[in-house]
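Just so you know, ligand 1 is whichever comes first in the structure, and atom 1 is the first atom listed for that ligand.
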Amino acid sequence: MAQSPAIDSRHHNRIAALHSEISSWRRDLHAHPEIGFTEFRTSAIVAEKLHAFGVDEVITGMATTGVVGIIHGQRPGPTIGLRADMDALPMQEHNDLPYRSTTDGVMHACGHDGHTAMLLGTAQLLAETRDFNGSVAVIFQPAEEGGGGARVMVDEGLFDQVDCQSVWGLHNWPELPLGTFCSLAGPVMAGIDYFDITIRGQGTHAGMPHDGIDTVLAAAHLVTAIQSVPGRNISPHDTATIGVSMFKGSDAYVVMPDETVIGGSVRYFDAAVREQAEARIRSLANGIAQGFGAEAVIDYRKNYPPAINPAAEADVAAEIAGGIVGGEHVIREHQPCMAGEDFAFMLNARPGNYIWMGSASDEHVSGKLHYPDYNFNDAAIVYGVGYWLALVDRELSGG
Ligand SMILES: [Zn+2]
Ligand SMILES: [Zn+2]
């Protein structure tokens with residue numbers, strides 16, 4: 001059973017009054033999920049609501065579907081950025097909900113519907129009072145799930161147009177109970193690279209293997225050998241997860257293919273580990289292919305950097321969270337997550353923090369992130385909006 005949140009009394013009643021509306025926005029977004037860079041409906045709703053709230057500036061079309069709203073406070077001061085992600089995942093929902101996905105094969109299974117709705121509610125409440133110095137930029141980004149929408153927004157000049165002195169992210173975390181936060185200093189989400197390796201040989205009849213060069217067999221050896229990289233090359237004191245998740249050879253039982261393609265990911269926290277992993281994978285691919293008389297064509301792509309929270313902002317975030325749930329419910333020591341998070345691109349551009357908000361409760365049946373039975377817990381809305389408002393109080397206070 002979750003603690004009651006100790007939201008500042010100035011905010012608590014206002015959040016409570018808006019809760020059912022925020023929840024209804026969330027459920028509408030859940031019913032209409034859109035994958036990365038195609039969040040056109042979501043983005044239009046976000047922009048329309050920001051205008052309706054009287055937000056001073058609304059920038060649209062950044063990174064295709066990204067939206068930034070800027071809310072000026074009553075007094076001059078710096079600008080801070082609060083970020084939500086809007087995209088859904090290409091997977092089939094298994095929930096039987098009145099607001100289940102209406103789009104086959106697309107689902108909000110990471111709670112970005114909740115993140116978007118909570119930041120919209122925050123924008124409405126901030127625009128009503130404007131009781132802060134400076135400005136708040138509410139940043140709604142596309143394509144967090146692999147597309148790197150945050151990178152595109154930064155590349156398109158997000159922080160040139162909106163000069164945020166700091167930027168803050170929040171993710172619901174169903175592995176932790178509602179009424180907790182986890183604010184880690186240092187690594188919090190892994191860096192991720194992708195690789196595709198094509199083994200080129202000589203196709204042949206499956207009954208006459210001696211007439212060809214077997215690319216499936218070479219690729220199978222490579223899959224096995226790649227596991228020696230985290231096992232034998234990377235220091236046991238460092239972290240790396242390397243996995244081959246794709247394997248494509250022939251389409252027929254009786255045809256040995258000209259080429260076989262494998263693909264996978266490298267996950268890490270330390271840049272030196274990444275360099276070592278890439279070098280070893282290249283060396284193994286070339287060496288094994290050559291040993292079989294084949295050739296390897298390697299496409300190794302650096303994707304998301306690791307999300308590393310600076311210590312000072314992690315302390316600030318923990319203090320704010322502690323004001324809501326009590327310091328004893330703020331986790332400061334936890335294993336980082338080996339999933340990626342493109343908020344890392346924003347953290348590389350500006351100081352800030354990425355915090356996990358506990359969202360599991362007995363009253364809410366929810367699967368894990370990216371599971372077909374996942375559903376954002378609307379009871380977390382008060383914690384999320386409460387956190388954002390308290391963060392603005394703290395960072396842009398009149399003091
Ligand atoms: Zn996700
Ligand atoms: Zn997510």
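- A ring-ring contact (aromatic ring centres under 6.0 Å, His included) with F181 is found for one member of Y387, Y354, W173, W356 and no other, namely Y387.
- Between the side chains of H329 and T180, no donor-acceptor pair is found at a separation under 3.5 Å.
- Listed by chain and residue number, the protein N/O/S atoms under 2.8 Å of the Zn ion (ligand 2) are C110 SG, H112 NE2, H171 NE2, with waters left out.
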Item to complete: For E278 and R282, run salt bridge (Lys or Arg N to Asp or Glu O under 4.0 Å): C-alpha distance rounded to whole Å, both residues' side-chain angles, the deciding distance at 0.1 Å, then the answer.
Response: CA-CA 6 Å; E278 178 181 354; R282 285 182 181 279; 3.0 Å; yes

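- Between D113 and R26, at least one side-chain N (NZ, or NE/NH1/NH2) sits under 4.0 Å from a carboxylate O, which counts as a salt bridge.
- Within H370, the N/O/S atom positioned nearest the Zn ion (ligand 1) carries the name NE2.
- Just one of H108, H30, H171 meets the ring-ring contact (aromatic ring centres under 6.0 Å, His included) condition when paired with H115; it is H171.
- Tracing side-chain contacts under 4.5 Å through hydrophobic residues (I, L, V, M, F, W, Y), one never reaches F345 starting from M62; they form parts of separate clusters.
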